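Have a look at the structure below before the remarks.
Just so it is clear, the structure is predicted and the values come from calculations on it, not from any experiment.
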Amino acid sequence: MGDRTWTNDIVYMRVEEMYLINAEANTRANHLTEARASLKALLDQRDEETASKVNDMNADQLLENIYYNWRVEMWAEGRGLLTLKRFHKSMVRGENNYALTGETISFEDSRLIFEIPEREITNNPNLQK
């Protein structure tokens, strides 16, 4: 019958992620005032020095800062691959990795593309390989 005494909420998204999504979307849409406000709201709690510089940032600087904060805030939460691809970044495998140590992996690397299973290709007439 499962856990019938569970009374806590299940958190699917942290508030920091919401601020980052908003800041990134507004920056990419060239709504820089809104983007700065979202990023500043996050940084006011984390990095006051950088937060004080947000209003002077252009779109490229905002995106670099947003990318950095995606990596910091969402570390180990399964957001790295899509963030890497969205921002067109490469990563260098650190010394603490057991495989590909020191290798630079581009966001375009074919190893980062998940193939569609053969069964899906076979059974879906609307899908072309």
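- Taking all atoms of both residues into account, the shortest heavy-atom contact from Gly94 to Asn97 is N-ND2, 3.0 Å.
- Counting only heavy atoms from C-beta outward, the side chains of Asn96 and Thr101 never approach each other to under 4.5 Å.
- Cluster annotation: Ile113 and Ile105 are assigned to distinct hydrophobic clusters (Ile/Leu/Val/Met/Phe/Trp/Tyr, side-chain heavy-atom contacts under 4.5 Å, transitive).
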Set out, in order, the CA-CA distance, both residues' side-chain angles and the distance that settles side chain to side chain contact (heavy atoms under 4.5 Å, CB included) for Met57 and Thr50, then state yes or no.
CA-CA 10 Å; Met57 292 182 186; Thr50 305; 4.0 Å; yes
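- For the pair Leu43/Glu48, no side-chain contact is recorded, criterion being any heavy-atom separation below 4.5 Å from C-beta on.
- Both Phe114 and Met91 are members of a single hydrophobic cluster when ILVMFWY side chains are connected at heavy-atom separations under 4.5 Å.
- A salt bridge (charged side-chain N to carboxylate O under 4.0 Å, His left out) check over residues 20-32, counting only residues at least two apart or in different chains, returns the pairs Glu24-Arg28, Glu24-Arg86.
- Contact check for Tyr67 versus Arg71: side-chain heavy atoms found under the 4.5 Å cut-off.
- Hydrophobic cluster membership differs between Leu82 and Leu63, with clusters built from Ile, Leu, Val, Met, Phe, Trp and Tyr side chains linked at under 4.5 angstrom.
- The backbone N or O of Asn58 lies less than 3.5 Å from a partner atom in the side chain of Gln61, making a donor-acceptor pair.
- Alongside Tyr68, the hydrophobic cluster contains Val72 (criterion: ILVMFWY side chains under 4.5 Å).
- Minimum heavy-atom separation, Lys85 to Leu112: CE-O, 3.5 Å.
- Annotation: the span from Leu39 atom CG to Glu34 atom CD amounts to 13.5 Å, rounded to 0.5 Å.
- Contact between Ala35 and Leu62 at its shortest, heavy atoms only, is CB-CD1, 4.3 Å.
- Residues Val54 and Asn65 have side chains not in contact (no heavy-atom distance under 4.5 Å, counting atoms from C-beta outward).
- Residue Val92 shares its hydrophobic cluster (ILVMFWY side chains chained together at separations under 4.5 Å) with no other residue.
- Checked against salt bridge (charged side-chain N to carboxylate O under 4.0 Å, His left out), Glu103 has the following partners two or more places apart in sequence or in another chain: Arg111.
- Rounding to the nearest 0.5 Å gives a distance of 11.5 Å between CD1 of Ile116 and OG1 of Thr122.
- The minimum heavy-atom distance between Ser52 and Glu49, with the atom names listed, is OG-O, 2.6 Å.
- The CG atom of Leu32 sits 11.0 Å away from atom CG of Asn55, with the distance rounded to the nearest 0.5 Å.
- Residues meeting the salt bridge (charged side-chain N to carboxylate O under 4.0 Å, His left out) test with Asp44, sequence neighbours left out: Lys40.
- The salt bridge (charged side-chain N to carboxylate O under 4.0 Å, His left out) contacts involving residues 89-101 comprise Glu64-Lys89, where partners must be two or more places apart or lie in separate chains.
- Every residue meeting the salt bridge (charged side-chain N to carboxylate O under 4.0 Å, His left out) condition with Arg46, not counting sequence neighbours, appears here in chain and number order: Glu16, Glu73.
- The side chain to side chain contact (heavy atoms under 4.5 Å, CB included) search around Asn22 returns Asn26, Ser38, not counting sequence neighbours.
- Legend: residues meeting salt bridge (charged side-chain N to carboxylate O under 4.0 Å, His left out) with Arg119, ordered by chain and number and at least two apart, are absent.
- Here Glu17 pairs with Met13, Ile21, Trp70, Met74, Arg79 under the side chain to side chain contact (heavy atoms under 4.5 Å, CB included) rule; sequence neighbours left out.
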As a quick check of understanding, evaluate side chain to side chain contact (heavy atoms under 4.5 Å, CB included) for Leu81 and Phe107, giving each step before the final call.
CA-CA 8 Å; Leu81 177 62; Phe107 72 95; over 6 Å; no
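- Taking the side chain to side chain contact (heavy atoms under 4.5 Å, CB included) definition, one finds that Ser90 meets it with Thr104, Ser106, sequence neighbours left out.
- Shown here are the ring pair (Phe, Tyr, Trp, His ring centres under 6.0 Å) partners of Tyr19, two or more places apart in sequence or in another chain: there are none.
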